[in-house]
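A, B, ... follow the sequence lines: proteins, then strands. Residue 1 opens every chain.
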Amino acid sequence: DAGVTQSPTHLIKTRGQQVTLRCSPKSGHDTVSWYQQALGQGPQFIFQYYEEEERQRGNFPDRFSGHQFPNYSSELNVNALLLGDSALYLCASSARAGKETQYFGPGTRLLVL
Amino acid sequence: AQKITQTQPGMFVQEKEAVTLDCTYDTSDQSYGLFWYKQPSSGEMIFLIYQGSYDEQNATEGRYSLNFQKARKSANLVISASQLGDSAMYFCAMREALNTGGFKTIFGAGTRLFVKA
């Protein structure tokens with residue numbers, strides 16, 4: 001049973017560029033949440049996708065957007081990258097809109113130069 | 001708003017000894033869930049243990065147990081017989097309801113555990 005997978009594992013971009021991160025949820029899960037983890041801090045909630053819709057957004061600007069596909073996989077897009085966007089981006093999947101335990105992927109390390 | 005507090009930035013423990021990682025939480029909800037996750041240097045957040053607010057027994061998963069004291073709003077993680085592979089960052093977390101009916105997880109700042117040989 002494959003767990004949560006994310007791609008790519010590492011990414012280097014320059015300021016102003018755009019990036020797309022991908023996530024495939026654990027088998028049987030229908031909900032995907034994205035988190036940003038800055039160095040030395042706990043993860044911060046970006047948004048959650050359930051039934052192909054963004055259900056809730058944390059305190060992140062509109063430069064952060066996402067999508068969920070019919071197979072429940074998800075993408076996180078970040079436009080106009082800033083140096084402060086450098087972080088580990090974690091995808092978590094769960095069942096029933098997050099009511100069950102969230103399981104996390106290995107993350108994508110984004111470095112913005 | 002809910003809040004998770006971990007007051008120990010770093011902890012040292014001798015291999016094969018037990019260690020307790022502290023966590024306190026703040027919530028006005030009657031029903032809530034508490035989690036502990038382990039994050040090795042690779043970055044992956046690994047689920048360890050879950051405690052529901054209405055669970056009468058403290059949760060246990062192998063060498064991990066959760067010392068749940070509801071009146072004190074604490075949910076400490078106890079790791080017995082520490083192993084070198086337990087060296088990692090540990091996060092206490094809580095499930096928070098979203099106004100859309102879903103849930104998100106909020107995290108504490110984490111405690112870095114170092115296991116000495």
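Residues Leu34(B) and Tyr50(B) are members of separate hydrophobic clusters, defined by side-chain heavy-atom contacts under 4.5 angstrom among Ile, Leu, Val, Met, Phe, Trp and Tyr.
Rounding to the nearest 0.5 Å places CG of Leu90(A) at 7.5 Å from CZ of Phe107(B). The structure places CZ of Phe104(A) at 10.0 Å from CZ of Phe91(B), a figure rounded to the nearest 0.5 Å. Here the CD atom belonging to Gln48(A) is positioned 10.0 Å from the NZ atom belonging to Lys104(B), to the nearest 0.5 angstrom.
For Tyr25(B), the OH atom is densely surrounded, since the number of other residues' heavy atoms within 6.0 Å is greater than 12. Heavy-atom contacts from other residues, nucleotides or ligands closer than 6.0 Å to CZ of Arg63(A) number more than 12. Other residues, nucleotides and ligands contribute over 12 non-hydrogen atoms within 6.0 Å of the NZ atom of Lys70(B). By the 6.0 Å contact criterion, CG on Leu113(A) is enclosed, its count of non-hydrogen atoms from other residues, nucleotides or ligands being greater than 12. Sparse packing is recorded around CG of Asn59(A), with 12 or fewer heavy atoms of other residues, nucleotides or ligands lying under 6.0 Å away. Within 6.0 Å of NZ in Lys73(B) there are more than 12 heavy atoms belonging to other residues, nucleotides or ligands.
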Yes or no on side chain to side chain contact (heavy atoms under 4.5 Å, CB included) for Gln39(B) and Leu88(A), after CA distance, side-chain angles and deciding distance? CA-CA 12 Å; Gln39(B) 188 176 44; Leu88(A) 176 68; 3.6 Å; yes
Check your understanding: Under the side chain to side chain contact (heavy atoms under 4.5 Å, CB included) criterion, do Gln102(A) and Met45(B) qualify, and how do the steps go?
Key -> CA-CA 10 Å; Gln102(A) 292 191 328; Met45(B) 196 73 75; over 6 Å; no
(request) List the steps and the verdict of side chain to side chain contact (heavy atoms under 4.5 Å, CB included) for Thr101(A) and Phe35(B). (result) CA-CA 8 Å; Thr101(A) 298; Phe35(B) 304 82; 3.4 Å; yes
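In this structure, Tyr35(A) contributes its side chain and Thr105(B) its backbone to a donor-acceptor pair below 3.5 Å.
When each of Pro43(A), Gly58(A), Gly42(A), Gly105(A) is checked for heavy-atom pairs under 4.5 Å with chain B, Pro43(A) comes out on top. Listed options Pro9(B), Ala109(B), Gly43(B), Gly108(B) were ranked by heavy-atom pairs under 4.5 angstrom with chain A; first place goes to Gly43(B). For chain B, the option among Arg109(A), Gln41(A), Gln44(A), Gln6(A) with the highest count of heavy-atom pairs below 4.5 Å is Arg109(A).
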